[in-house]
**Student:** 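The structure's right below; bear with me while I get my questions together.
Because the structure is a prediction, the values reported are computed rather than measured.
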Amino acid sequence: MLGSYRAEILKLRKRSAVWVLFGAGLVLSLIFGYLLPYLGYVTGDDNQQTAGVPRDAVLAGMLPARVIDNTIGGYPIFAGALALVLGAIVIGGEYSWGTLKTIFTQRPGRAAILGAQFLGLATMIAVWVLGIFVTCALCSIGIAAAEDGATNWPGALDLVKGLAGGWLVLMTWCLAGAALAVAFRNVALPIGLGVVWILGIETLLAGVVNSLLPALKFLSDALPGANAGSLVFAVSGMAAGDAPPGIRDAVDGGRALATLLAYCLIFAAVAAWTTRRRDVT
């Protein structure tokens, strides 16, 4: 399995789509975390987006103390959709290319190969999280130096909790994409269904339940998106009024953590069972 893991890392490292997706997530984090707020800060009262918000408060949101908020704030929806695409193209691509038939005729077995693919994806998601964090930290330092702002950093434990929580959110969506790819044995359909679910269907369901069917709130609170947003809310310490789309305190942090771990296990188990029991063609 170690050899399979090394092979997966090599494939991921050399696959351009992996880095294009990472770049898209990085650009989105910088635009919504730093570029737009900074433009609002320097334009002051002339910018309608920051009307009524003190300039000091706008600046404080871009300083090192808020680096975790800006790093993982987009993970439940936007970066989560990119992670789902990553899982779908890495696992589904093997079906589209017809390479699984060759791989499965050699050692190790199907479960070991799929496990190596999941470990490779987990490693790449960790690279994504660390890369976005480092870039956001550099932006925070630059803005603090340019505007003579405070350079107080979150504690080491808060940093670890925030990055680990962000990794789990992205890994959940990545495994969802992988499970869909195994189920449909291609790339396009899992990406279409997964992205539509993240960006539209789950948000619509939550809105309908909250406004028209409050008795079914327990169902919407069990969905992966709601728990992803709740975990980010818990580990970042955001104020409810300042939270970006998809982040809310639907459930407490402990429940969100347990629910996302359960989803990871379910997605991995479904993919493993389907891979072992079904012909690859």
**Student:** Could you list all the side chain to side chain donor-acceptor pair (under 3.5 Å) pairs where at least one residue sits in residues 252-267, not counting sequence neighbours?
**Tutor:**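 For residues 252-267: N227-T259.
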**Student:** Has W128 got a side-chain atom pairing as donor or acceptor with L21's backbone, closer than 3.5 angstrom?
**Tutor:** no
**Student:** Show every salt bridge (Lys or Arg N to Asp or Glu O under 4.0 Å) that has at least one partner inside residues 211-225, sequence neighbours left out.
**Tutor:**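 Non-adjacent pairs meeting salt bridge (Lys or Arg N to Asp or Glu O under 4.0 Å): K217-D221.
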**Student:** Throw together a table of side-chain donor-acceptor distances under 3.5 angstrom for residues 148-158, partners on residues two or more places apart or in other chains.
**Tutor:**
none

**Student:** Any side chain to side chain donor-acceptor pair (under 3.5 Å) pairs touching residues 22-34, not counting sequence neighbours?
**Tutor:** Y34-N70, Y34-S140
**Student:** Among all residues two or more places apart in sequence or in another chain, which pass the side-chain contact (heavy atoms from CB on, under 4.5 Å) test with V160?
**Tutor:**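 For V160, no residue satisfies side-chain contact (heavy atoms from CB on, under 4.5 Å) once neighbours in sequence are set aside.
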**Student:** Listed by chain and number, what are the side-chain contact (heavy atoms from CB on, under 4.5 Å) partners of W167, not counting sequence neighbours?
**Tutor:**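 side-chain contact (heavy atoms from CB on, under 4.5 Å) list for W167, sorted by chain: A122, I125, A126, V129, M171.
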**Student:** Under the rule for ring-ring contact (aromatic ring centres under 6.0 Å, His included), what residues qualify as partners of Y5, not counting sequence neighbours?
**Tutor:**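 Partners of Y5 under the ring-ring contact (aromatic ring centres under 6.0 Å, His included) test: none.
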**Student:** For L180, what residues pass the side-chain contact (heavy atoms from CB on, under 4.5 Å) criterion, not counting sequence neighbours?
**Tutor:** F184, P190
**Student:** Applying side-chain contact (heavy atoms from CB on, under 4.5 Å), name anything that partners I201, two or more places apart in sequence or on another chain.
**Tutor:**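 I201 satisfies side-chain contact (heavy atoms from CB on, under 4.5 Å) with V196, W197, L205 only.
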**Student:** Who pairs with F118 by ring-ring contact (aromatic ring centres under 6.0 Å, His included), at least two apart in sequence or on another chain?
**Tutor:** none
**Student:** Would you mind writing out the side-chain donor-acceptor pairs for residues 228-238 within the sub-3.5 Å range, not counting sequence neighbours?
**Tutor:**
from: S230; atom 1: OG; to: A226; atom 2: O; distance (Å): 2.8
from: S230; atom 1: OG; to: R248; atom 2: O; distance (Å): 3.2
from: S230; atom 1: OG; to: A250; atom 2: N; distance (Å): 3.2
from: S230; atom 1: OG; to: V251; atom 2: N; distance (Å): 3.2
from: S236; atom 1: OG; to: V232; atom 2: O; distance (Å): 2.6
from: S236; atom 1: OG; to: M238; atom 2: N; distance (Å): 3.4

**Student:** Would you give me the side-chain donor-acceptor pairs under 3.5 Å for residues 59-67, sequence neighbours excluded?
**Tutor:**
from: R66; atom 1: NE; to: D69; atom 2: OD2; distance (Å): 2.6
from: R66; atom 1: NH2; to: D69; atom 2: OD2; distance (Å): 3.3

